[in-house]
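To keep things clear, I will list the structure first and then write my remarks on it.
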2 protein chains.
Amino acid sequence: MAPMGRPREFDAAKALDKALDVFWRHGYEGASISELTQAMGISPPSLYAAFGNKEKLFRAALDRYAEVRRQLWAELMQAPTARAMMEGLFERVIQFYAQEGNPNCCMLVKGTLTSGDCGQVIADHMSAKRAESEAMLLERFRKAKDEGELPVETDPADLAGYFMTVLDGLSIRAAAGAGREELQKIAYLAMRGWPA
Amino acid sequence: MAPMGRPREFDAAKALDKALDVFWRHGYEGASISELTQAMGISPPSLYAAFGNKEKLFRAALDRYAEVRRQLWAELMQAPTARAMMEGLFERVIQFYAQEGNPNCCMLVKGTLTSGDCGQVIADHMSAKRAESEAMLLERFRKAKDEGELPVETDPADLAGYFMTVLDGLSIRAAAGAGREELQKIAYLAMRGWPA
DNA sequence: AGACTTATATAACGACTGCTATAAAAATAC
DNA sequence: GTATTTTTATAGCAGTCGTTATATAAGTCT
C-alpha cells in the first residue's frame with residue numbers, strides 16, 4: 001500500500017550511502033550540508049525531512065558504516081585459527097586502505113579525532129562502534145585461548161587492544177600516504193607480537 | 001635599538017604557544033580565528049600583522065610543536081640501548097596522553113586526518129614533520145644494528161615504521177578515552193615484536 | 001472533481017567564517 | 001613640536017555554515 005502524499009523521488013538507502021562516503025572522507029565537521037546534498041542528489045529540505053538534521057544523518061551513516069564493517073569482520077572471524085584470522089584481517093584492511101579511490105582511513109578513527117567538539121552524543125556513538133569491533137576480536141581470542149591456541153597466561157582483552165591499536169595506526173599511516181607494501185611490512189612485524 | 005613605530009604589546013612566542021594549544025586540541029579547521037585570538041589575548045589585526053594568516057600561523061605552531069617534540073625525543077634517544085630508548089619513549093608518550101588537561105593525542109596524527117581538505121601545503125608540512133620523527137627512530141635503530149643490538153636480518157626502516165604506527169595507534173586510543181594502564185599494556189605487547 | 005497529505009525546489013534566515021578598512025594610540029625621527 | 005611608522009581595537013566586509021519558511025508539484029482519500 002502506497003502511503004498518502006507525494007512519494008519521495010530518491011532512494012533513502014542509496015542517499016545514505018552517498019552521505020556516508022562524504023562523511024568518511026571529510027569527517028563530521030568537514031562535511032558541509034551543500035556537499036552532502038550534492039552527493040546525495042537531493043535538496044536540503046529533502047535531507048532534513050528524511051534524516052532530521054546533520055547530526056542524525058551522521059549517526060545514521062555511522063550505523064551503516066558499522067554494519068557493513070561488522071558483516072565483513074564476521075566473515076573473517078571464521079578463519080580456522082585466531083592467528084590466520086588476524087593475518088586475514090590485516091590483509092583485507094590494508095588492501096582497502098591502499099586501493100586508489102577509497103577513503104584511506106577508518107571512519108571511526110577519523111571520527112574520534114574530528115568529532116571531539118561536535119557534542120558528546122557523537123563521541124559516545126563513536127566509542128560504542130569502536131567497542132563493538134574490539135569485542136569481536138576479544139571473543140575470537142577468548143575462543144582461541146579456550147581451544148589452546150593461545151597460552152593460558154595470555155590476556156585476550158590486552159591482545160585485542162593491541163591489535164586494534166595497530167589497526168588504528170595503520171589507518172593513520174595510510175592517510176599519511178603509505179603504500180601497500182609498507183603497510184604489509186608493518187603488519188608482519190605486528191604479528192611478531194603474537195603470543196608464543 | 002628599539003624599532004620605530006608603536007611597540008607590540010604581546011609576546012609573539014607566548015602567543016604562538018597559545019595558538020599551538022588551540023590547534024592541537026581542535027585541529028586546523030576546528031580552530032577559529034576568534035578562539036585563537038581569545039586564547040592568544042590579542043585582536044585579529046594583531047594576529048594577521050604578526051603571523052600573516054591562519055595557514056601561516058598554523059605552520060608556525062606546527063614548527064613549534066615539532067621543535068619541542070624533537071628536543072624531547074633527542075634526549076630519549078640517548079638511552080644506552082635502542083630497546084631501553086623505545087620503552088622510555090612509550091612511557092613518556094603515555095604519561096603525556098594520560099595526563100589530565102593535556103591534549104590526548106599527537107598533533108601530527110590529528111593534523112594528518114583533519115587537514116586533508118585544507119590544501120596540499122599543510123598536508124606536506126605535516127608529512128615532513130612526521131618523517132623527521134621517524135628518521136630519528138631509524139637512525140637510532142641503524143646505530144643499534146651496527147652495534148650488534150639488533151640482528152643483521154632486521155630492517156631498521158621497517159622497525160621504525162612499526163613503532164611509529166603503534167605510537168600513532170596509541171594516540172588514537174588515548175583520544176578515544178583509554179587510561180594509562182590500558183595504554184601501558186598495549187605498549188608492553190608492542191615491545192614483544194622486538195627482534196630477538 | 002475537490003480536500004488532504006507529503007515531497008520538492010527556491011530563497012532566505014541568523015550566526016559564524018577568515019579577513020581587513022578605518023581610525024585612534026604609542027613609539028621614534030627630525 | 002611635527003611628521004612618520006607601527007600597533008591597536010572597533011566595526012564590518014563578502015562568503016559559508018546549518019537550517020527553515022514559502023510556495024508549488026504529485027500523489028492518496030472521499
Side-chain angles (χ1 to χ4, degrees), chain A residues 1-16 18-20 22-23 25-62 111 114-122 125, chain B residues 1-16 18-20 22-23 25-62 111 114-122 125:
Chain A
M1 186 56 178
M4 222 178 314
R6 175 174 176 175
R8 81 162 37 120
E9 297 177 355
F10 64 94
D11 185 332
K14 289 181 181 175
L16 182 59
K18 294 291 188 183
L20 167 57
V22 174
F23 278 129
R25 294 175 190 276
H26 303 330
Y28 177 74
E29 303 196 90
S32 68
I33 294 289
S34 70
E35 186 177 5
L36 286 166
T37 53
Q38 191 168 341
M40 299 166 83
I42 61 179
S43 54
S46 296
L47 189 158
Y48 281 84
F51 299 101
N53 57 22
K54 187 184 180 184
E55 182 183 314
K56 288 179 183 174
L57 174 63
F58 180 79
R59 290 216 303 272
L62 194 58
T114 58
S115 68
D117 313 324
C118 325
Q120 197 64 28
V121 182
I122 288 185
H125 213 72
Chain B
M1 186 56 176
M4 221 176 316
R6 175 174 175 174
R8 84 162 37 120
E9 297 177 353
F10 63 94
D11 183 333
K14 288 181 182 177
L16 182 59
K18 294 290 187 183
L20 168 56
V22 174
F23 279 128
R25 295 175 190 276
H26 303 330
Y28 177 73
E29 303 197 88
S32 68
I33 295 290
S34 70
E35 186 177 6
L36 286 165
T37 53
Q38 191 167 343
M40 298 165 84
I42 62 179
S43 54
S46 297
L47 188 157
Y48 282 84
F51 299 100
N53 57 22
K54 187 184 178 183
E55 183 182 313
K56 287 179 184 173
L57 174 62
F58 181 79
R59 291 217 301 272
L62 195 57
T114 59
S115 69
D117 312 324
C118 323
Q120 198 62 27
V121 182
I122 288 184
H125 211 73

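The chains referred to below are lettered A, B, ... by the order of the sequence lines, with proteins before strands, and numbering in each begins at 1. What you see is a predicted model, and the numbers here were worked out from it, not measured in a lab. The analysis underlying the following values was restricted to heavy atoms, covering all of them including side chains, and did not include hydrogens, waters or symmetry mates.
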Round to a whole Å and report the spacing from CD of Glu29(B) to P of dG18(D). 12 Å
When the distance from CE of Met4(A) to P of dT30(D) is rounded to whole Å, what number comes out? 8 Å
When rounded to whole Å, the CD1 to C1' distance for the pair Ile33(B) and dC16(C) reads 13 Å
Side chain to side chain, Met40(A) and Phe51(A), heavy atoms closer than 4.5 Å: yes
Would you indicate which nucleotide in dT8(D), dT19(D), dT8(C) comes nearest to any side-chain atom of Asn53(A)? dT19(D)
Is any side-chain nitrogen or oxygen of Ser34(B) closer than 4.0 Å to OP1 or OP2 of dG18(C)? no
Calculate the interatomic distance between Phe58(B) atom CZ and dT17(C) atom P; express it in whole Å. 17 Å
Atom CD of Gln38(A) and atom P of dA9(C): how far apart are they, to the nearest Å? 13 Å
Within a 6.0 Å radius of atom NZ on Lys54(B), are there more than 12 heavy atoms belonging to other residues, nucleotides or ligands? yes
Anything under 30° is parallel, anything over 60° is perpendicular, the rest tilted; go ahead and classify Tyr28(B) against Phe23(B). parallel
Restricting to non-hydrogen atoms, name the atom on Thr114(A) and the atom on Glu29(A) that form the minimum distance, rounded to 0.1 Å. O-OE2, 3.3 Å
Check whether any side-chain N or O of Tyr48(B) sits under 4.0 Å from OP1 or OP2 of dT20(C), and answer yes or no. no
Whichever of Pro44(A) and Lys54(B) has its nearest DNA chain C nucleotide further upstream toward 5': Pro44(A)
Just compare dT8(D), dT8(C), dG18(D) and give me whichever is closest to any side-chain atom of Ser32(A). dG18(D)
Could you tell me how far apart Leu47(B) (CG) and dG18(C) (P) are, to the nearest whole angstrom? 10 Å
Where each residue is assigned the nucleotide of DNA chain D containing its nearest heavy atom, which of Ala31(A) and Ile42(B) is assigned the position nearer the 5′ end? Ile42(B)
Could you tell me the separation between the CZ atom of Phe51(A) and the P atom of dT19(D), rounded to a whole number of Å? 14 Å
Intermediate values then yes/no, side chain to side chain contact (heavy atoms under 4.5 Å, CB included), Val121(A) and Arg59(A): CA-CA 9 Å; Val121(A) 182; Arg59(A) 290 216 303 272; 3.2 Å; yes
Sugar-phosphate, base or nothing in reach of Pro7(B), heavy atoms under 4.0 Å: sugar-phosphate
For the pair made of CD in Glu55(A) and P in dC17(D), what is the distance, rounded to whole Å? 18 Å
Nearest-nucleotide check on DNA chain D, Gly5(B) vs Gly41(B); residue mapping nearer the 5' end is Gly5(B)
Do Arg6(B) side-chain and dT7(D) base share a donor-acceptor contact under 3.5 Å? yes
Compare side-chain N and O positions of Ser46(A) against OP1 and OP2 of dA7(C) and report whether any pair is under 4.0 Å apart. no
Counting the atoms with a prime plus P, OP1 and OP2 as sugar-phosphate, which does Ser43(B) contact under 4.0 Å by heavy atoms, base, sugar-phosphate, or nothing? base
